[in-house]
Protein chains: 2
Amino acid sequence: MSLVNENFLLLTPNYLFADIAQKVSAYKALHPEADIISLGIGDVTQPLCPAVIEAMHRATDEMASAQTFRGYGPECGYDFLREAIVHNHFLPRGVQLSIDEIFIGDGAKSDTGNIQELIHHDCVIGVTDPVYPVYVDSNAMAGRAGANVVYMPCNAENNFVPQIPDRHIDVIYLCYPNNPTGTVLTAQQLQQWVDYALRNDSIILYDAAYQAFITDPSIPHSIYEIEGARKCAIEFHSYSKTAGFTGVRCGYTIVPHELSATTGDNRRIPLNHLWERRQCTKFNGTSYISQRAAEAIYTPEGKEQVRKTIGYYMQNAHHMLATLRSLGHEVYGGENAPYLWMRTPEGYSSWQYFDHLLHNAHVVCTPGVGFGPSGEGYVRFTAFGTHESTAKALKRIKELKN
Amino acid sequence: MSLVNENFLLLTPNYLFADIAQKVSAYKALHPEADIISLGIGDVTQPLCPAVIEAMHRATDEMASAQTFRGYGPECGYDFLREAIVHNHFLPRGVQLSIDEIFIGDGAKSDTGNIQELIHHDCVIGVTDPVYPVYVDSNAMAGRAGANVVYMPCNAENNFVPQIPDRHIDVIYLCYPNNPTGTVLTAQQLQQWVDYALRNDSIILYDAAYQAFITDPSIPHSIYEIEGARKCAIEFHSYSKTAGFTGVRCGYTIVPHELSATTGDNRRIPLNHLWERRQCTKFNGTSYISQRAAEAIYTPEGKEQVRKTIGYYMQNAHHMLATLRSLGHEVYGGENAPYLWMRTPEGYSSWQYFDHLLHNAHVVCTPGVGFGPSGEGYVRFTAFGTHESTAKALKRIKELKN
C-alpha cells in the first residue's frame, strides 16, 4: 500500500518564487557585479512604522516579568485585536461583525492554504486565471485537481473580469484587488458573484489582502459591503502589505455566523465552528508580540503612519504605470493595487521577457504564466521597491530596445 | 452533494482544554471568591529569560530601519537558527544533521497537526493511549478514524511502555518524555520501535517537545540517537516549555534526507521534499523576532538562564511527587518531565476527581480520560506553576479527605 499522499507528486516540482530565486541566483553567480533590482516577489522594503515598533518593544517588556508575562493566548486571537478590527476596519464601512467571527492567524497565506480543509474532498473549486498559486496547490495536495478545478480566464480581452460561470461551482476563490493583475471588481460586479453563490449554494473565499491599496472610493474593501455576502463568503486579511508585516506574521480571517454549508443528508453546518475547531486543533495562536504590533496599526498614529507608507508605494505604482505606458507598453493594475500587469512585447513569452529583463536590465519581474495559463504573455511588477530602486529600474527598462 | 468535510462532524464537539476552561469559568461565576490554582493546562508561568528579551528588542529595532528591516524570511527558517540548532542541540549528542533537514515553524502543535498531510489517506496510524489529542484529531479531520487508528494502551500495568504491535501500522506517533503521563522510554525500548519501523516500512512521528526536562543522562533526547532512526523518523521540537515560548510561537521539525516512503507503484519518495513543498505552499515562515528569540537560547547566557527555569519547574515536580506519594497516591512521571500522572482515589473517575479537586481544593488538574480511554482513572498535574502556587495547591490537597 502507498504510504505517501501521492497528490503531492502531481504538483509542479517547485513553488514559483523558488524558481525565480534560483534563476536570479544562477545569474548572480555568473555576474557577481550585476546590481539586480527585484520588482518580482511582493515583499515590502519600508520598515515597520514607529507605532508598531513601540508596541513590539512594550509587548517584549511585558514578557520579561512574571506579572505581565503572556503564555498561550486564545488560539483564535486576543480580544484586544479582534475588537480593534471590528471597530476600526469594519464599522466605519458599515459592516457589523462580532469578535468571534474574526480569527487571528499568522498570515493570509496559511489561512487561504488551510481553509480548504473544511470542504468536501469532491468539491469543485473555481479560480480566476491567472491566480495566486496557493489556492490551486493547496487544493491539489488534498486531491482536488483536474476536473475538480475550473479556471476562469481573466485577460485584457474580458477586461480582467471573470465571467459568471454557467455551471455549478462549489467553492470560488476571488482575490480583489487582484494578485497578480492589480485589477479590481466594482461593487456591482462583486454583487453578481454573491448572487451566483447564493443561488448555487456556493462558498466564496474572498482574499482581501490588498484592500489597503484601494484609492477609488467606489471600490469595496470588504465583500461584506455587498448584500448577502455574510451568508456565502469567508474573507482573508493580511497585514503583510498593509503594514509591512511580511516578517512579523499576522493576518486574520472572517467566517460569519450566517455562513453554513450542506452535508450529504442535507443538514446545514455553520462553518464558523468548523474553522474554530480546525484552528484550536492544528494551530496554537499567533505570537503575542505580533498581535500587539497589529493592534498598534489601529491607533491614530498607527493609521496615519501606515497610510503614509502605502502612499509611498502607490507613488511608485503611478510612476511605473506612467513610464511603462509612455514606452508604449500595455499595462493594467497599479491604480488600486501595488501590482502592475504588463503584456510582454511581441515575440516574448512570459519567461522569455523575464530572462530579457534579468539579463539586459538586471530587473526581476514575475512571469505571468507562473500564475496560470492565462498569464502567458504577461509579467507582473510590484510597487514595493524604494523610490530610488524603482526609478533606477524604470530608467534601465527605458534604455532597453524592447 | 456535500459541501462540508464531514469528517469534522465525527469529532467530539470541543477540544479538551476548552471543556476544562468552561467548567472552571462556570465554577468561578458561582464562586467569585474562590482562589483557583491551575495545575491543568501545560502553560508556563516564568517570564522569558533576559537573553531572549534582549534578542527580541534587538530584532524589533532592526525592523525599524530600512537598512536592517527583514521582510519575508525563508519559509523553512533562517539559517542562523537552523545552524544554532545543529551545533548546540544535536552535535553535542553525536547527531549530525544538515540545516535543510531542519524546518523552523510556529510551534510543535502546528507541525504535529499538519504532518499527516504527507501520508496517504488510507494509512493506519498508531497512537499511545492516553495521547495528546492533536495526533488523533488531526487525522480524524483527514478521514483517518475508526479502524484506521490503533490505540496502544499505556498504564501502570505495563509500566507505561507501549507494546510493540503484532500487526502492521503505517505511522506511529510517539511522544517522549510523554504527554500526558510524564514517563520516558529507555534507549533500548526506543530501539525496539525503530527496529519495528524499519522492518515494517513504517514512519515514526517522534514528539520531543519535553526533552529539555530529562534529568536521567541515559534517556535519549532525540530519536536520532538511536541507530536507524534517520531512515524512519520525523522529530518535532518545541520552545514552548523549554524556554517559555508558549506566547512567542517557535518550534522546529526534522525530516532527515534518508527518510522516504513508498508509492502505490513502489517508488520511494523522500519526505523532506514533500514537507518543504507543504511548508512553502501553506506557511510563510515564522516571525523574525521569534526566530531571533530562539537563537538566543543557544548563547552561553541563554543556555544557563533556560537551564535555571527548567530547574525551577523540576523543583515543583519533585515537590509534587514527594507530597502526593506521601499522601498515599500512586503517581508516575515528574522525574524526567514536567507532568505527573496520578491514579485517582478509589471510586473516582477522572472527571469526578477533577470536579472534586476543583470544588474542594480550588485546584485544576486535567482529567486523564480526556487523553484517551486508557487515561480513565488518572489525572494529570503540571509542574509549570510558581513555587508559591504549587505549594499552596499541595497544601490544599493534603487537607482533603481523598
Side-chain angles (χ1 to χ4, degrees), chain A residues 1-6 8-9 11 15 18 43-48 53 56-57 60 63-66 69-73 106-107 109-110 113-114 117-120 122-123 134 137-138 141 170 203 246-249 261-264 269 274 277 280-290, chain B residues 1-6 8-9 11 15 18 43-48 53 56-57 60 63-66 69-73 106-107 109-110 113-114 117-120 122-123 134 137-138 141 170 203 246-249 261-264 269 274 277-278 280-284 286-290:
Chain A
M1 202 202 73
S2 174
L3 207 57
V4 177
N5 174 357
E6 298 195 26
F8 272 74
L9 310 181
L11 293 164
Y15 189 61
D43 201 0
V44 297
T45 51
Q46 296 303 296
L48 297 180
I53 293 290
M56 288 167 74
H57 279 306
T60 299
M63 299 297 256
S65 141
F69 174 77
R70 304 269 190 146
Y72 288 125
D106 72 336
K109 188 176 171 191
S110 303
N114 293 330
E117 293 179 23
L118 303 193
I119 63 167
H120 196 277
D122 296 331
C123 279
V134 169
D137 288 355
S138 60
M141 288 173 176
D170 296 301
I203 299 167
T246 49
V248 175
R249 312 308 314 137
T262 188
T263 62
I269 306 294
L274 253 56
R277 189 65 162 90
C280 287
T281 302
K282 295 164 84 171
F283 182 63
N284 223 342
T286 302
S287 157
Y288 175 65
I289 291 108
S290 301
Chain B
M1 202 200 74
S2 173
L3 207 57
V4 177
N5 174 356
E6 298 194 26
F8 272 74
L9 310 181
L11 293 164
Y15 190 61
D43 201 359
V44 297
T45 51
Q46 296 303 295
L48 297 180
I53 293 290
M56 287 167 75
H57 279 307
T60 299
M63 299 298 255
S65 140
F69 174 77
R70 304 268 189 147
Y72 288 124
D106 72 337
K109 187 176 173 193
S110 303
N114 293 330
E117 294 179 22
L118 303 192
I119 63 166
H120 196 279
D122 296 332
C123 280
V134 169
D137 287 355
S138 60
M141 288 173 177
D170 296 302
I203 299 167
T246 48
V248 175
R249 312 309 313 139
T262 188
T263 62
I269 306 294
L274 253 56
R277 190 66 161 87
R278 193 271 168 212
C280 287
T281 302
K282 294 162 84 170
F283 182 63
N284 223 342
T286 302
S287 157
Y288 175 65
I289 291 108
S290 301

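Only this structure's heavy atoms are used, side chains among them; waters, hydrogens and symmetry mates stay out. Labels below follow one simple rule: chain letters A, B, ... track the order of the sequence lines, proteins then strands, and each chain is numbered from 1.
- Residue B:Ser65 touches chain A through its backbone alone, counting heavy-atom pairs closer than 4.5 Å.
- With sequence neighbours left out, the side chain to side chain donor-acceptor pair (under 3.5 Å) criterion links B:Thr45 to no other residue.
- Contacts between B:Asp106 and chain A at a heavy-atom distance below 4.5 Å involve the side chain alone, from C-beta outward.
- Atom CG of residue B:Asp122 and atom CG of residue A:Leu3 lie 11.0 Å apart, to the nearest 0.5 angstrom.
- Taking CG of A:Leu48 as the start and CZ of B:Arg70 as the end, the distance is 13.0 Å to the nearest 0.5 Å.
- Residue with the most contacts toward chain A among B:Gly73, B:Ser287, B:Gly113: B:Ser287 (heavy-atom pairs, distance under 4.5 Å).
- Contacts between B:Gln46 and chain A at a heavy-atom distance below 4.5 Å involve the backbone alone (N, CA, C, O).
- Listed options A:Thr60, A:Val44, A:Val134, A:Leu9 were ranked by heavy-atom pairs under 4.5 angstrom with chain B; first place goes to A:Thr60.
- Between the CG atom in B:Asn114 and the CZ atom in A:Phe283 there is a gap of 10.5 Å [rounded to 0.5 Å].
- Of all the listed residues (B:Ile203, B:Ile289, B:Ile53, B:Val248), the one sharing the greatest number of non-hydrogen pairs under 4.5 Å with chain A is B:Ile53.
- Counting only heavy atoms from C-beta outward, the side chains of B:Ile269 and A:Glu6 never approach each other to under 4.5 Å.
- Contact count versus chain A (heavy atoms, under 4.5 Å) is highest, among B:Ser110, B:Ser138, B:Ser290, for B:Ser110.
- The nearest pair of heavy atoms linking B:Ala66 to A:Pro47 is N-CG, 3.7 Å.
- Both the backbone and the side chain of B:Met63 come within contact range of chain A, judged by heavy atoms closer than 4.5 Å.
- Under the side chain to side chain contact (heavy atoms under 4.5 Å, CB included) criterion, A:Asn284 pairs with A:Tyr72, A:Glu75, B:Lys109, B:Arg249, sequence neighbours left out.
- Atom OG1 of residue B:Thr246 and atom CZ of residue A:Phe69 lie 4.5 Å apart, to the nearest 0.5 angstrom.
- With values rounded to the nearest 0.5 angstrom, A:Leu274 atom CG is found 8.0 Å from B:Met141 atom CE.
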